[in-house]
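Down below is the structure, laid out as structure tokens.
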Amino acid sequence: MSKNLSRTSKYLSLLLRHRPQKAGLTLDAYGWASVADLIANTSITLAELEAIVATDEKGRYVFSTDRSRIRAAQGHSIPVQLDLKPQRPPAILYHGTVAQFLESIQQQGLKRRKRHHVHLSATIETARTVGSRRGKPIILQIDAAQMATDGILFFQSENMVWLTDYVAPKYFFVMHNV
Ligand code: HQG
């Protein structure tokens, strides 16, 4: 993705996940914004939107079937209903974080902070990328199978991120040498 497109994608993330009002947009209850409004209210073109949806490496944004609306697949801090259905997770999931949060995470468990859910990854590589956003990554291995057995619900976003409400300390450990 070009530098310009990547900057536009970050702005789109701000509008569709956190602050639609910055461009005078309103999202419906399910997080959809009107594509026409988005184009009218910003300098983003339809061609750019189409390129971002098609090429974003994490599939962060999706068009409605008729392409009149667009939303973020996950990662919101504002309340939206994504209508995700609970799904059985893989036996093991991973979470990438950094050393400065570790003590607190080990005491309190993984919390969703500003987002709707705790975000978990199916692979160590993805968790490493997520953690690397903040510094040297630390990978937690999560016993998703046990959590599911204990009745804790998991969801998968449209772009395949695993989501859950909270992960108690008994369900994870820090992976070393990864
Ligand atoms: C940490 C990006 C202290 C947690 C990524 C994380 C992901 C705690 C940070 C998606 C804690 C929250 C989500 C506790 C959790 N004490 N720190 N009890 N519990 N934390 O950004 O998982 O590019 O909200 O470890 O790729 O980093 O936006 O979550 O470091 O998929 O599409 O608090 O965001 O995707 O940070 O990232 P975040 P995250 P996008």
Side-chain angles (χ1 to χ4, degrees), residues 1-20 22-23 27 30-33 38 44 48-49 51-63 70-80 82 84 87 89-90 92-144 147 152-176 178:
M1 191 181 275
S2 75
K3 236 183 182 167
N4 274 344
L5 216 51
S6 145
R7 197 175 308 128
T8 304
S9 173
K10 290 214 166 84
Y11 183 51
L12 199 56
S13 165
L14 175 74
L15 296 178
L16 297 180
R17 290 170 166 179
H18 311 295
R19 297 180 64 191
K22 263 213 129 194
L27 307 187
Y30 304 96
W32 295 106
L38 187 55
I44 307 175
E48 283 172 334
L49 274 187
I52 289 168
V53 171
T55 63
D56 184 86
E57 78 274 15
K58 286 175 71 182
R60 289 180 178 89
Y61 316 103
V62 282
F63 281 123
I70 185 169
R71 76 174 176 184
Q74 40 70 228
H76 301 80
S77 59
I78 48 178
V80 299
L82 294 175
L84 303 171
Q87 281 188 48
I92 294 172
L93 285 169
Y94 303 93
H95 178 85
T97 189
V98 284
Q100 70 187 98
F101 297 151
L102 200 54
E103 198 182 323
S104 165
I105 289 174
Q106 283 174 323
Q107 281 169 6
Q108 306 173 354
L110 276 174
K111 296 185 162 182
R112 55 198 178 83
R113 313 298 291 262
K114 291 187 184 136
R115 305 202 192 232
H116 290 195
H117 296 98
V118 174
H119 288 223
L120 303 172
S121 309
T123 67
I124 294 175
E125 287 66 37
T126 309
R128 187 181 286 124
T129 307
V130 172
S132 303
R133 285 151 57 236
R134 298 197 160 85
K136 187 171 178 286
I138 288 188
I139 315 287
L140 307 182
Q141 180 173 318
I142 291 148
D143 190 350
M147 289 177 67
I152 295 160
L153 296 182
F154 287 82
F155 307 87
Q156 202 173 21
S157 66
E158 284 165 290
N159 62 340
M160 303 300 163
V161 177
W162 282 96
L163 307 168
T164 195
D165 284 341
Y166 168 67
V167 185
K170 66 178 172 183
Y171 294 121
F172 61 76
F173 63 85
V174 178
M175 296 181 80
H176 295 287
V178 284

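Whatever order the structure lists them in is the order used to number ligands and atoms, beginning at 1.
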Is a side-chain donor or acceptor of [X] paired with a backbone partner of [Y] at a separation under 3.5 angstrom?
| X | Y | value |
| --- | --- | --- |
| Ser13 | Ser9 | no |
| Arg17 | Gln74 | yes |
| Arg71 | Tyr30 | yes |

Within the 4.0 Å heavy-atom shell around [X], which atoms of ligand 1 are there?
| X | answer |
| --- | --- |
| Arg17 | 28 (O), 32 (O), 40 (P) |
| Arg60 | 23 (O), 32 (O), 40 (P) |
| Lys58 | 2 (C), 5 (C), 7 (C), 23 (O), 26 (O), 31 (O), 32 (O), 35 (O), 40 (P) |
| Gly109 | 14 (C), 18 (N), 19 (N) |
| Ser104 | 3 (C), 14 (C), 16 (N), 18 (N) |
| Thr97 | 4 (C), 25 (O), 30 (O) |

Would a 4.5 Å heavy-atom cut-off, applied to side chains only, mark [X] and [Y] as touching?
| X | Y | answer |
| --- | --- | --- |
| Arg134 | Thr97 | no |
| Gln87 | Trp162 | yes |
| Lys136 | Val98 | no |

| remark: Check: of Ile105, Val161, Thr129, min heavy-atom distance to atom 11 (C) of ligand 1 comes from Ile105
| note | Of Arg134, Gln106, His95, the residue with the heavy atom nearest atom 22 (O) of ligand 1 is His95
Closest non-hydrogen protein atom to [atom], residue and atom name please, with distance?
| atom | answer |
| --- | --- |
| atom 33 (O) of ligand 1 | Arg113 NH1, 3.3 Å |
| atom 10 (C) of ligand 1 | His119 ND1, 3.3 Å |
| atom 15 (C) of ligand 1 | Lys111 O, 3.4 Å |
| atom 37 (O) of ligand 1 | Arg133 NH1, 3.2 Å |

Touching ligand 1 at all, [X]? Heavy atoms, strictly under 4.0 Å?
| X | result |
| --- | --- |
| Ala72 | no |
| Gln107 | no |
| Arg115 | yes |

| said: What's the separation between atom OH in Tyr61 and atom CG in Leu12, rounded to the nearest 0.5 Å? | reply: 5.0 Å
| Side chains of Ser2 and Asn4: do they bring a donor and an acceptor to under 3.5 Å? | no
| message | Going by the rule ring pair (Phe, Tyr, Trp, His ring centres under 6.0 Å), which residues pair with Phe155 if we only count those two or more places apart in sequence or in a different chain? | response | His117
| remark: Quick look: Lys114 vs ligand 1, heavy-atom contacts under 4.0 Å, and the answer is neither
| query | When you look at Thr164 and Ile142, which way does the side-chain contact (heavy atoms from CB on, under 4.5 Å) test go after all the steps? | reply | CA-CA 12 Å; Thr164 195; Ile142 291 148; over 6 Å; no
